[in-house]
Amino acid sequence: PVASVAQVCSSCPDDVVVANRNGPDQSVISGAAESLPAAISRLTAAGATCQILRVGGAYHSPLFAEEQADFAAVLSDCAVAAPDVPVLSN
């Protein structure tokens with residue numbers, strides 16, 4: 001469960017966080033590459049199944065906090081409206 005994952009993350013370096021909650025029993029953590037092995041070990045010891053996801057960046061983590069202002073500035077010049085095409089999700 002997400003609460004168990006969050007508890008394990010709280011005992012890891014500050015950069016390890018729950019980055020996404022995909023469902024009641026599926027979470028994504030993020031952090032610096034050197035911090036994740038210890039978190040994965042703790043989660044595995046607690047009975048979790050872990051899989052490393054290759055991503056371009058830890059966009060849902062505090063590691064990207066400094067980039068948010070630059071990203072917001074870029075978006076401020078973009079027109080945002082309700083979608084014209086329905087979005088379906090499983």
Side-chain angles (χ1 to χ4, degrees):
V2 173
S4 300
V5 174
Q7 183 177 11
V8 170
C9 287
S10 71
S11 67
C12 295
D14 289 345
D15 62 325
V16 177
V17 297
V18 176
N20 201 14
R21 294 163 180 85
N22 292 342
D25 295 322
Q26 187 182 64
S27 302
V28 176
I29 65 169
S30 67
E34 61 272 8
S35 300
L36 292 176
I40 291 168
S41 271
R42 290 177 183 164
L43 288 164
T44 302
T49 301
C50 298
Q51 181 177 356
I52 296 174
L53 303 175
R54 304 288 175 208
V55 297
Y59 304 113
H60 294 82
S61 81
L63 295 174
F64 254 74
E66 293 180 16
E67 309 303 325
Q68 289 178 354
D70 292 338
F71 189 54
V74 169
L75 288 179
S76 70
D77 292 333
C78 298
V80 178
D84 293 331
V85 178
V87 177
L88 303 177
S89 176
N90 59 358

Quiz item: What is the minimum heavy-atom distance between C9 and V17, and which atoms define it?
Solution: SG-C, 4.1 Å

Quiz item: Between S30 and L36, what is the shortest heavy-atom contact and its length?
Solution: C-CD2, 3.9 Å

Quiz item: Closest heavy-atom contact between C12 and V16?
Solution: CB-CB, 3.9 Å

Exercise. Answer yes or no: does atom CG of D14 have more than 12 heavy-atom neighbours from other residues, nucleotides or ligands under 6.0 Å?
Key: no

Practice problem: Kindly say whether A38 contributes a backbone atom to a donor-acceptor pair with the side chain of S41 at under 3.5 angstrom? | Solution: no

Quiz prompt | F64 atom CZ, over 12 foreign heavy atoms within 6.0 Å | solution = yes

Exercise. Please report the closest heavy-atom contact between I29 and A39, naming both atoms and the distance.
Key: CD1-CB, 4.0 Å

Quiz prompt | Other residues, nucleotides, ligands: >12 heavy atoms within 6.0 Å of L75 CG | solution = yes

Quiz item: What is the minimum heavy-atom distance between L43 and V5, and which atoms define it?
Solution: CD2-CA, 4.0 Å

Exercise. Enter the distance from N22:CG to S27:OG here, rounded to the nearest 0.5 Å.
Key: 7.5 Å

Quiz item: Should T44 and I40 be marked as a side-chain contact (heavy atoms from CB on, under 4.5 Å) after you check the CA-CA gap, both sets of side-chain angles, and the distance that decides it?
Solution: CA-CA 6 Å; T44 302; I40 291 168; 4.0 Å; yes

